[in-house]
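Dropping the structure in here first, questions after.
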Amino acid sequence: MTAGDVDYYALDELLDDEARMTRASVRSFVEREALPLIEGCHAREEFPRALIPRMGEMGLFGANLKGYGCAGLSNVAYGLIMQELEAGDSGLRSMASVQGSLSMYGIWRWGTEEHKQRWLPEMAAGRAIGCFGLTEPDHGSDPGGMETRARRDGNGWVLSGTKRWITNGSVADIAIVWAKDGDTIRGFLVEAGTPGFSTRDIKGKFSLRASITSELILEEVRVPASALMPGAEGLGGPFSCLNQARYGIVWGALGAARTCYLTALRYGQERKQFDRPIAGYQLVQQKLVHMLTEITKGQLLAWRLGRLKDAGTMRPEQVSLAKRNNVGVALDIARLARDILGANGIVNEYPVIRHMLNLETVNTYEGTYDMHTLIVGRDLTGLDAVR
Ligand SMILES: Cc1cc2nc3c(=O)[nH]c(=O)nc-3n(C[C@H](O)[C@H](O)[C@H](O)COP(=O)(O)OP(=O)(O)OC[C@H]3O[C@@H](n4cnc5c(N)ncnc54)[C@H](O)[C@@H]3O)c2cc1C
């Protein structure tokens, strides 16, 4: 256990050497190479693109996928990568999640052999970037209502519509676009530069500023028949990808929570008011104990979920429970840490407010906190409260 760890229940003993080594190397990458860039990127609303080749070289993209140049790590080791990236910034983890769990997984699971050979090794190496276009301006929690259309045209397809809130959209070489052919949702690979396909970045975000978020505009975009991912039909296609990314978020949120908790702990031990360190007051200790307790419970949840995923028995509802819980507690912890830092909690001299604002997005994307409540509620009762 290193100084930057929170491991109250000796969870380290449950990890194998591969997981521990992976965690150490990603933590060192984040501390030495990413953190020096993050505040500047946050201020300028840009992703630190110089890190992408390094992330590829380290095998961080699609790290739990097998073959095609991917690292083939266990899901626990993969989760620890997400945890360490998000301990730096949710934007770093979002980049890796969208690249690996949404885009690469989508191709790996639903693409043709040709798609896989063409894209996966390049994406694993960080030489090609992917994005995942599901959400639309008027259809977020209910993607089944999407208005983007796919029309057969001779041998190919014509795509029309608008996707919004798409991470990596304007920097992507390849976009996975979900569109309706009649009533059937299908997935297409649309290459950047295809006539009729353009992107526009969304500026003015207060959250996830060190991440690119774009609109994808498809105006009668003609793609060949080979652009279709033949395996995916219906919402099961995009949902299978979201499930992978949500799994990564379960771990990632704990990274952001850890940074906030450790910052508040150190601050509380040093900051004196009424002649004593504020960490010596009962109310502050109660907050710190609550933070540690929730991180510890979240770690156990994430670890167990990883083992279920490795065994192939993880259910989507179990992912929902853990995404809902771990992001919810991380946001709570970030707000408490912000409070313990007093006025210093609102400036970028400390990472807390950045994490707190980032976690607002994490609570919303990949299924909102409330949507996951309804998914688990339906699982328990057999009654659907979504509609
Ligand atoms: C920074 C960022 C990056 C993103 N990246 C991507 C990406 O790469 N690709 C992509 O496809 N999407 C992406 N998204 C979109 C994200 O997945 C959606 O924002 C999310 O699904 C919620 O949709 P919405 O924003 O339209 O909210 P809405 O669906 O309009 O929800 C608004 C509120 O209503 C509640 N609500 C909705 N329906 C119900 C119901 N039946 N019962 C009770 N409450 C309900 C929600 O819980 C929420 O509180 C991103 C979003 C952000 C902010």
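In listed order, ligands and their atoms are each counted from 1. Since the model is a prediction, treat every value here as computed from it, not as a measurement.
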Between D181 and R149, does any NZ, NE, NH1 or NH2 come within less than 4.0 Å of an OD or OE carboxylate oxygen? no
Do E136 and T148 meet the criterion of a side-chain donor-acceptor pair at a distance under 3.5 Å? yes
Contacts for ligand 1, heavy atom under 4.0 Å, by chain and number, are F132, L134, T135, G140, S141, W165, I166, T167, L208, T213, T361, T364, Y365, E366, T368, D370, M371, L374, V386
Regarding R54 and E33, does a basic nitrogen lie under 4.0 Å from an acidic carboxylate oxygen? yes
What side-chain donor-acceptor pairs closer than 3.5 Å can you find for residues 172-179, not counting sequence neighbours?
{"residue": "D173", "atom": "OD2", "partner": "I129", "partner atom": "N", "Å": "2.7"}

Ion pair check, E113 and R118, cut-off under 4.0 Å: no
Please confirm whether the backbone N or O of L208 pairs with a side-chain atom of N358, one donor and one acceptor, at under 3.5 Å? yes
